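Structure first, then comments.
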There are 2 protein chains.
Amino acid sequence: MIYNPNKALKHALKMENLYEVLGLDSKAKIKQFKKGEILQLEGELSSLAYYVKKGLLRSYTIDNKDKEHIFMFASEGWLIADIESQEFDQPAELFIDCLEDSEVVIFDRKSFKIANLTGDQLKQNAHLLARRTAVLQRRVIMLMSASAKERYNRFLETYPELPNRIPQRMIASYLGITPEALSKIRGEIAKSK
Amino acid sequence: MIYNPNKALKHALKMENLYEVLGLDSKAKIKQFKKGEILQLEGELSSLAYYVKKGLLRSYTIDNKDKEHIFMFASEGWLIADIESQEFDQPAELFIDCLEDSEVVIFDRKSFKIANLTGDQLKQNAHLLARRTAVLQRRVIMLMSASAKERYNRFLETYPELPNRIPQRMIASYLGITPEALSKIRGEIAKSK
DNA sequence: TGTATTTCTTAATCTAGGTTAAGATAATTG
DNA sequence: CAATTATCTTAACCTAGATTAAGAAATACA
């Protein structure tokens with residue numbers, strides 16, 4: 001079997017059945033949000049997590065120079081939450097808002113009873129967290145060792161649909177570079193073809 | 001209650017009881033390693049995880065320019081594994097080796113039966129993974145938004161004991177900068193006091 | 001204990017990507 | 001659909017950190 005990182009990644013992350021895996025039904029609330037609506041403000045104390053049924057969310061920080069840094073995008077089938085703050089019972093460090101009109105399942109990680117899940121659900125749950133860890137491992141290694149152009153190419157391979165749904169400056173923000181730098185990189189890539 | 005990130009982080013990560021949380025006993029092997037021994041080579045297919053009873057391990061990649069990038073350190077009470085590769089059933093991307101003579105509990109993540117754990121163990125397990133995610137979230141945000149000096153200061157706050165146990169060039173590698181850059185930063189900090 | 005090897009520092013030079021600025025496209029909104 | 005607002009591009013200039021090099025200090029080793 002030939003190893004294809006992108007296929008593996010996509011397969012692993014596109015969990016259509018996550019809704020069931022989490023055992024969500026009665027307690028979870030489904031809510032509609034408009035593009036631009038903010039689900040979570042930095043500084044808030046919250047233990048909520050958001051499962052995206054439809055649409056697109058993102059989480060981001062704003063640094064001391066008022067610069068926005070996108071931590072992640074969450075499209076259909078993804079889960080988004082400020083794990084760091086929640087795990088350490090701290091006020092949120094991330095904003096979470098909508099990049100498209102979205103349908104979101106909201107549930108409370110605190111009242112989430114692991115003991116109530118079936119063995120299979122538990123295993124899938126563990127995989128879910130492990131997969132998030134895996135994605136972050138890759139991201140850290142890329143940030144430490146790869147150029148902006150390499151990171152951009154990997155982004156395109158890993159999330160080929162996203163560029164159609166978000167402005168380029170947000171890709172730049174996710175990659176950790178400025179919109180100008182990304183524009184230059186795209187110019188270079190276009191020229192070299 | 002005043003929020004103290006370092007205290008919170010230390011408390012959360014220093015899991016002396018992890019050994020029990022994982023339900024390790026009969027199946028897990030305890031092994032001794034000498035400083036410099038390699039537990040895992042890049043390219044190997046492995047589903048092993050390593051729990052550090054005593055000593056110090058690290059994981060790292062080598063990029064296409066032969067440059068080493070340390071992904072993490074694991075001292076007493078920590079768990080280390082190449083989650084990304086294991087989760088996607090790929091050959092290891094990380095080397096794992098010993099920075100000190102170490103005593104390590106080795107267990108296989110694949111044969112790890114989640115269903116056999118107690119409810120409490122499960123919950124702690126979930127927290128364990130969530131905490132790893134939290135640490136990586138912080139690391140990504142720091143890499144995207146903070147200067148090398150800021151990242152170094154945060155490192156010292158978060159892991160105050162590590163600088164006594166590892167050469168500076170490894171701190172630099174972990175921070176994503178060169179040893180020369182770290183040396184310069186330390187010079188500046190020393191001067192400004 | 002002396003020699004070799006690794007580590008750390010300092011300094012000169014280089015470069016990827018940041019900053020600033022201004023014009024060109026494209027998308028929203030009244 | 002006109003006008004405002006956001007996005008993207010290009011280019012000149014700047015800076016944090018990389019690279020290269022060489023010496024000093026510390027460690028390991030024979």
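Residue numbers start from 1 in every chain, and the chains themselves are labelled A, B, ... in the order their sequence lines are given, proteins ahead of strands. Quantities reported herein were computed from a predicted structural model and do not represent experimental measurements.
- Straight-line distance from the CZ atom of Arg165(A) to the P atom of dT7(D): 17 Å, rounded to whole Å.
- A side-chain N or O of Arg186(B) and one of Tyr152(B) form a donor-acceptor pair less than 3.5 Å apart.
- Tyr50(A) places a side-chain heavy atom less than 4.5 Å from the side chain of Gln40(A).
- Axis angle between the ends of the helix from dT1(C)-dA30(D) to dG30(C)-dC1(D), five pairs each and rounded to 10 degrees, works out to 60°.
- Among the heavy atoms of the strands lying under 4.0 Å from Lys67(B) are primed sugar atoms or P, OP1, OP2 only; no base atom is included.
- Residue Arg151(B) contributes atom CZ, which lies 13 Å from atom P of dA16(D) at whole-angstrom precision.
- Contact between Leu129(A) and Ala126(B) at its shortest, heavy atoms only, is CD1-O, 3.7 Å.
- Side-chain contact between Gln137(B) and Met72(A) is absent, with no heavy-atom pair separated by less than 4.5 Å.
- If you check residues 172-186 of chain A against DNA chain C, the residues with a heavy atom closer than 4.0 Å are Gly176(A), Ile177(A), Thr178(A), Glu180(A), Ala181(A), Lys184(A), listed by number.
- Counting to the nearest Å, the C1' atom of dG18(C) and the NE2 atom of His69(A) are 12 Å from each other.
- Note: Tyr60(A) and Phe95(A) have parallel aromatic rings, judged against thresholds of 30 and 60 degrees for the angle between ring planes.
- Each of Arg169(A) and Lys35(B) lies near DNA chain D, and the nucleotide nearest Arg169(A) is the one positioned closer to the 5' end.
- Although no hydrogens or angles enter the test, the distance criterion places no donor-acceptor pair under 3.5 Å between the side chain of Ser59(A) and the main chain of Ile96(A).
- The backbone N or O of Arg109(A) sits nowhere less than 3.5 Å from a side-chain atom of Ser47(A) that would complete a donor-acceptor pair.
- For Met170(A) and dC8(D), the CE to C1' distance is 14 Å, given to the nearest whole Å.
- Summarising the geometry, the separation between CD1 on Ile166(A) and P on dT7(D) is reported as 12 Å, rounded to the nearest angstrom.
- A salt bridge is absent between Glu37(A) and Lys31(A): the closest approach of a Lys/Arg side-chain nitrogen to an acidic carboxylate oxygen does not fall below 4.0 angstrom.
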